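A short worksheet on the structure shown next.
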2 protein chains.
Amino acid sequence: MFKIKDHTMGRRKDHSREELTELAIDAGRTLVIEKGPAALTARNVARAIGYTPGTLYNLFESIDGLIAAINIRSMETFARTIREVMRRETSTSAQLRGIARAYLDFHQESPHLWSLLFASPLDYHSEAYREAIHGIFDQVLEATEPLSADPDTARRKAKVLWSTLHGICLLQDSSKLNVGQQDPPETLVNEFLNQFLRI
Amino acid sequence: MFKIKDHTMGRRKDHSREELTELAIDAGRTLVIEKGPAALTARNVARAIGYTPGTLYNLFESIDGLIAAINIRSMETFARTIREVMRRETSTSAQLRGIARAYLDFHQESPHLWSLLFASPLDYHSEAYREAIHGIFDQVLEATEPLSADPDTARRKAKVLWSTLHGICLLQDSSKLNVGQQDPPETLVNEFLNQFLRI
DNA sequence: AATAAATATTGAACAATGTTCAAATACTAT
DNA sequence: ATAGTATTTGAACATTGTTCAATATTTATT
């Protein structure tokens with residue numbers, strides 16, 4: 001016999017709260033990867049995990065909370081990638097070029113995830129979010145330190161590098177009909193780094 | 001006697017099509033300036049000009065069309081500003097610093113307009129939009145030309161400069177809780193330009 | 001001047017969004 | 001067993017963008 005439920009259901013406990021949160025983040029991530037940030041709706045995510053929108057609001061305080069969770073995951077992955085770069089490369093220039101390379105790879109391989117993280121205004125900003133940002137930025141800072149005497153300059157240099165990477169990828173996306181000729185992001189990043197690494 | 005209209009109204013012709021378009025753009029612009037991009041809704045704009053949403057769809061093919069029109073106006077204003085800079089300054093470095101200054105001013109004085117233009121993904125892209133972009137970018141290109149031998153390098157340099165300005169302002173906005181210390185955009189742009197202008 | 005055609009405007013509707021919440025259910029501790 | 005707590009739902013609400021038949025007005029034609 002099949003259970004036909006013609007009224008509201010109560011607790012199912014198919015998954016723990018933590019498992020459910022994981023499921024939601026994964027489903028949301030997949031939606032973003034496959035159909036872009038616009039497909040990340042409460043109903044789409046809920047359908048993907050076999051629950052209703054209301055359940056999501058038991059896990060996240062709002063849809064922005066889910067976005068933040070997905071972004072944090074992206075940042076953690078990226079932080080691991082550049083940690084690897086920092087360990088592999090010994091020279092400052094190789095480290096910085098490696099970080100830039102990793103950034104461009106992320107943008108190219110997961111454009112929608114990149115877009116959700118860097119090209120969609122979000123004012124959620126939990127403590128976990130702040131930490132995830134630091135997980136990345138502190139390493140960039142570490143890499144720019146040898147380039148300058150005082151730490152203030154190092155921080156400024158790190159921010160400039162980071163800003164330029166952002167900007168170049170944004171420009172790339174916004175110019176489907178391009179300004180003049182098509183310059184691949186790598187070319188622009190190279191142009192920048194050649195100057196940036198010149199003492 | 002007051003005309004009470006209890007059914008659908010027809011043509012009023014209070015304004016010409018062109019006047020109405022102007023009214024809509026102006027009202028939309030004001031809404032964005034005062035309440036941010038999120039306030040730019042069809043109903044808000046319609047109410048502000050004393051019409052209904054349907055009328056807007058007679059003027060623009062979609063809400064993105066209205067956004068594009070507002071952005072084009074922002075770009076035209078900015079193009080005029082840097083044209084003034086280009087005329088006033090004679091040295092390359094002064095021109096580039098002037099352009100950067102103007103960009104930061106725009107970001108600081110009209111953060112919401114800046115956000116609508118540069119920080120909100122939009123895939124409208126009419127011919128008029130392309131032209132407005134060129135009205136700005138061609139001048140940046142003109143300014144970077146003396147910095148490099150071949151035109152390809154000049155174009156790349158212009159794009160790098162432009163990307164960095166974008167990125168720095170984005171970073172500024174996204175970091176209400178800041179990464180490390182607060183670095184004013186001017187400081188970062190200076191850090192960048194000092195390196196950029198070094199031959 | 002009368003009539004026809006074109007245009008402008010509306011209100012009402014549609015689908016989709018985020019979000020809330022009482023009701024109902026199932027699990028947990030007593 | 002019973003009471004209490006946590007979870008899940010469905011239905012609702014307000015807001016989006018957008019469409020469109022109906023209507024009113026202006027313009028063109030006869």
Side-chain angles (χ1 to χ4, degrees), chain A residues 2-25 27-28 31-32 35-70 116 120-124, chain B residues 1-24 27-28 31-32 35-70 116 120-124:
Chain A
F2 298 110
K3 261 209 233 167
I4 304 293
K5 12 188 168 145
D6 49 356
H7 218 340
T8 58
M9 289 199 57
R11 193 178 204 181
R12 280 173 16 193
K13 199 67 177 177
D14 292 349
H15 310 93
S16 73
R17 194 180 174 79
E18 291 68 30
E19 285 172 336
L20 214 44
T21 305
E22 278 304 296
L23 280 178
I25 296 176
L31 272 169
V32 171
K35 316 206 169 173
L40 187 66
T41 70
R43 285 168 179 84
N44 280 352
V45 174
R47 189 180 318 119
I49 63 176
Y51 284 77
T52 56
T55 296
L56 289 178
Y57 285 82
N58 193 321
L59 304 170
F60 305 95
E61 83 173 40
S62 75
I63 208 69
D64 282 356
L66 174 54
I67 294 176
I70 296 173
L116 189 75
S120 316
L122 176 65
D123 49 2
Y124 190 79
Chain B
M1 228 26 192
F2 298 108
K3 263 209 229 168
I4 304 291
K5 11 183 170 153
D6 49 354
H7 218 338
T8 59
M9 290 198 56
R11 193 178 203 180
R12 278 170 22 189
K13 198 65 178 180
D14 292 348
H15 310 93
S16 74
R17 192 179 176 79
E18 291 70 30
E19 285 173 336
L20 214 44
T21 305
E22 278 303 296
L23 280 177
L31 273 169
V32 171
K35 317 206 167 172
L40 187 66
T41 69
R43 285 169 178 82
N44 280 352
V45 174
R47 189 181 317 119
I49 63 176
Y51 284 77
T52 55
T55 296
L56 290 178
Y57 284 81
N58 193 324
L59 304 170
F60 306 94
E61 84 172 39
S62 76
I63 208 69
D64 282 357
L66 174 55
I67 294 176
I70 296 174
L116 189 75
S120 316
L122 176 65
D123 49 3
Y124 190 79

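Below, chains carry the letters A, B, ... as their sequence lines are ordered, and counting in each starts from 1. This one's a predicted model, so the numbers in the text were calculated from it and none came from an experiment.
B/Arg47 has its CZ atom 17 Å from the C1' atom of C/dT9, to the nearest Å. Counting to the nearest Å, the C1' atom of D/dG17 and the OH atom of B/Tyr124 are 15 Å from each other. C/dA26 atom P lies 17 Å from atom NE2 of A/His15, rounded to whole Å. Put simply, OH on A/Tyr51 is 17 Å from P on C/dT25, counting in whole angstrom units. Remark: C1' of D/dA6 and CD of A/Glu19 are 16 Å apart, rounded to the nearest angstrom. Atom C1' of nucleotide D/dT25 and atom CG of B/Leu20 are separated by 15 Å, given to the nearest angstrom.
Residues A/Leu116 and A/Pro37 approach most closely at CD1-CB, 4.0 Å, considering heavy atoms.
Taking B/Glu22 as the reference, B/Arg73 meet the salt bridge (charged side-chain N to carboxylate O under 4.0 Å, His left out) condition, with sequence neighbours excluded.
Side-chain contact between A/Asp123 and A/Asp64 is present, with at least one heavy-atom pair separated by less than 4.5 Å. The shortest distance between side-chain heavy atoms of A/Glu19 and A/Asp14 does not fall below 4.5 Å. Proximity of B/Ile49 to B/Leu56: side-chain heavy atoms (C-beta onward) are separated by under 4.5 Å at one or more points.
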- [ ] Under the side-chain contact (heavy atoms from CB on, under 4.5 Å) rule, what do B/Thr21 and B/Phe60 come out as? Steps first, then yes or no, please.
- [x] CA-CA 8 Å; B/Thr21 305; B/Phe60 306 94; 3.8 Å; yes

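A/Tyr51 OH to A/Leu20 CG: the interatomic distance, rounded to the nearest 0.5 Å, is 5.0 Å. Put simply, NZ on B/Lys35 and CG on B/Asn44 are 7.5 Å apart, with the number rounded to the nearest 0.5 Å. From A/Leu40, atom CG reaches atom CD1 of A/Ile70 across 4.5 Å, with rounding to the nearest 0.5 Å.
Across residues 36-46 of chain B, B/Leu40, B/Thr41, B/Ala42, B/Arg43 each have a non-hydrogen atom less than 4.0 Å from an atom of DNA chain D (numbered order). The stretch residues 56-67 of chain A touches DNA chain C through A/Tyr57, A/Ser62, A/Ile63, each having a heavy atom under 4.0 angstrom from the strand.
Nearest-nucleotide positions on DNA chain C for A/Pro53 and B/Gly54 put B/Gly54 closer to the 5' end.
The side chain of A/Thr55 places an N or O atom within less than 4.0 Å of a non-bridging phosphate oxygen (OP1 or OP2) of D/dT9.
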